[in-house]
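Notes to accompany the following structure.
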Amino acid sequence: MKRIKLPSYLMRTKWFLILIAIIFLIIFGRTVNSPALTKTAIVLGAGIDYNEEDGKFIVTAQSVLMASSSSDSSGQTSYVTYTSEGDTIAAALDDISRKMGLLASLAHCNVLFVSQSVLKLDHMQLIYPLTGMYALPEHAILVTGEKSPKELLALKIGTTVSAPYFLQLAFSTKEGTNGMIRTNVKDFLARSLSRSEATAIPYITVKKLEDQPIDQTGEQKDNYEFALNDALVFNHGKSEIVKGDLAEALSLFLTSETYGALNYKSKNGETVEFRILNKDVECKANGRSVSAKMELTVELLDVQFVQSDDILTGADEIIKNAADALAQKLTQSLTQLYELSKSMQIDFLGLQAKAYQSVGRTLERNCLDTLSFTPEVTLRVKETA
């Protein structure tokens with residue numbers, strides 16, 4: 001059989017057509033039917049509550065509206081909050097869209113307020129409609145609090161009238177942590193669907209400002225401040241609020257990126273403040289024995305009430321002793337967290353998931369009591385000029 005040889009120009013034409021087809025598929029194959037910006041409401045923050053009595057979801061969305069002034073080039077920003085109920089989250093959000101006259105989009109929503117009743121539900125079914133149909137970012141932070149999501153969203157904060165906008169800034173800044181947990185949607189699902197089936201999210205407490213802010217129109221009323229130092233640890237059926245030193249140690253252990261400062265105060269009142277530069281957490285399991293090593297690189301930030309005639313630096317023995325004492329305190333806090341997790345049967349440290357990697361499928365569920373946990377924290381003080 002004689003082989004047919006195509007002319008060179010036909011070969012070039014063939015490859016040219018294949019290239020055109022590939023470009024066409026790349027460009028138009030990824031095209032989706034997205035609404036125009038003029039028809040979309042930009043939602044800064046969303047809240048989800050669940051009424052266990054009637055089985056209804058209460059969904060709240062706060063959107064931002066930009067309006068330009070006709071007299072000058074300055075613009076005015078206003079925040080509008082809508083709430084609706086529905087048998088599903090999607091039904092409530094669709095009703096909010098009808099109230100707004102715009103399509104509610106969560107593509108710019110970086111904070112998701114949830115109630116503790118919502119956390120008892122199926123977490124996958126909770127998150128999927130938000131990320132799948134309404135484009136909620138995977139890096140959106142989940143928060144809960146002493147008030148309902150609807151109430152938290154409606155509060156005016158001293159630095160801004162929008163609670164979601166304040167939280168976006170608070171969770172994105174590299175300044176103080178003091179126990180502030182940063183748990184995004186992706187981490188929330190990964191931990192809740194893991195062998196441990198537990199995680200932690202920020203627990204917000206609210207306090208009315210004693211000194212109300214003043215602007216050009218006079219004193220403003222009903223402004224509040226958020227305290228973000230506590231955490232809610234939970235699985236599908238149980239929950240507990242962690243506060244103080246335990247919340248700070250938990251934040252250091254769980255949060256991938258940690259910023260801010262650590263404070264050590266001795267029995268004599270000597271106070272040393274360190275700024276966190278870097279953190280490395282290594283957690284391993286050997287059978288049912290789980291060990292965790294946390295190394296913090298810090299620099300000296302401030303010293304008060306320390307008897308010394310010299311200007312202290314990170315190289316001084318008294319500073320290194322304070323760092324060692326603080327490391328020991330953090331180690332004790334992690335041990336207390338482990339004991340709390342056993343007593344509450346909430347594996348928020350993720351020990352069962354870590355042991356499962358070592359033991360395998362023979363590891364039974366709810367085996368937290370059979371595990372051992374050995375934490376070790378070290379603080380390395382960076383010497384600066």
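Note that the numbering runs from 1 along the sequence shown for the chain.
Residues Thr255 and Arg182 bring no donor and acceptor atom of their side chains to less than 3.5 Å of each other. For Asn366 and Gln352, the side-chain atoms include no donor-acceptor pair closer than 3.5 Å. For the residue pair Ser291/Thr374, the side-chain donor-acceptor check at 3.5 Å is not satisfied. Side-chain N/O atoms of Asp49 and Ser117 include a donor and acceptor closer than 3.5 Å.
Side-chain N or O atoms of Asn321 include one that pairs as donor or acceptor with a backbone N or O of Glu317 at under 3.5 Å. Panel note: side chain Ser358, backbone Ala355; no donor-acceptor pair is recorded below 3.5 Å. At distances below 3.5 Å, at least one donor-acceptor pair connects side-chain atoms of Thr271 with backbone N or O atoms of Gly269. Put simply, the side chain of Thr331 gets close to the backbone of Ala327: a donor and an acceptor are under 3.5 Å apart. Panel note: side chain Lys354, backbone Leu349; no donor-acceptor pair is recorded below 3.5 Å.
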Candidate pair Glu240 and Lys238, rule salt bridge (Lys or Arg N to Asp or Glu O under 4.0 Å), full reasoning: CA-CA 7 Å; Glu240 181 73 12; Lys238 304 171 186 176; over 6 Å; no
Derivation of the side-chain contact (heavy atoms from CB on, under 4.5 Å) call for Leu254 and Thr183: CA-CA 9 Å; Leu254 290 182; Thr183 303; over 6 Å; no
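A side chain to side chain donor-acceptor pair (under 3.5 Å) with Thr297 is found for one member of Arg275, Lys279, Arg380 and no other, namely Arg380. The residue from Asp87, Thr88, Asn51 that alone fulfils the side chain to side chain donor-acceptor pair (under 3.5 Å) condition with Lys56 is Asp87.
Leu153 has its side chain within reach of Pro164: a pair of non-hydrogen atoms, C-beta onward, lies under 4.5 Å apart. Residues Tyr134 and Asp94 meet the side-chain proximity criterion, which asks for heavy atoms closer than 4.5 Å. Leu209 places a side-chain heavy atom less than 4.5 Å from the side chain of Asn223. Between Leu252 and Ile276 there is a side-chain heavy-atom pair separated by less than 4.5 Å. Counting heavy atoms from C-beta on, the side chains of Thr144 and Gln116 come closer than 4.5 Å. When side chains are defined from C-beta on, Tyr203 counts as touching Thr205, because their heavy atoms get closer than 4.5 Å. Phe274 is not listed as a side-chain neighbour of Leu301, based on a closest heavy-atom distance of 4.5 Å or more. You'll find the side chain of Leu142 stays beyond 4.5 Å of the side chain of Thr199, heavy atoms only.
Shown here for Asp316 and Leu312, the closest heavy-atom pair between the two residues is OD2-CA, 3.2 Å. Nearest heavy atoms, Phe234 versus Ile346: C-CG2, 3.6 Å. When all heavy atoms are compared, the tightest approach of Val43 to Ala104 is CG2-CB, 4.3 Å. Across Asn184 and Glu138, no two heavy atoms sit closer than the pair CB-O, 3.5 Å.
Here Arg288 pairs with Glu364 in a salt bridge; the nearest charged N to carboxylate O distance falls below 4.0 Å. Taking 4.0 Å as the cut-off between side-chain N and carboxylate O, Lys293 and Glu282 do not count as a salt-bridged pair.
More than 12 heavy-atom neighbours from other residues, nucleotides or ligands sit within 6.0 angstrom of CG on Asn263. In Gln307, the CD atom is not crowded: 12 or fewer heavy atoms of neighbouring residues, nucleotides or ligands sit closer than 6.0 Å.
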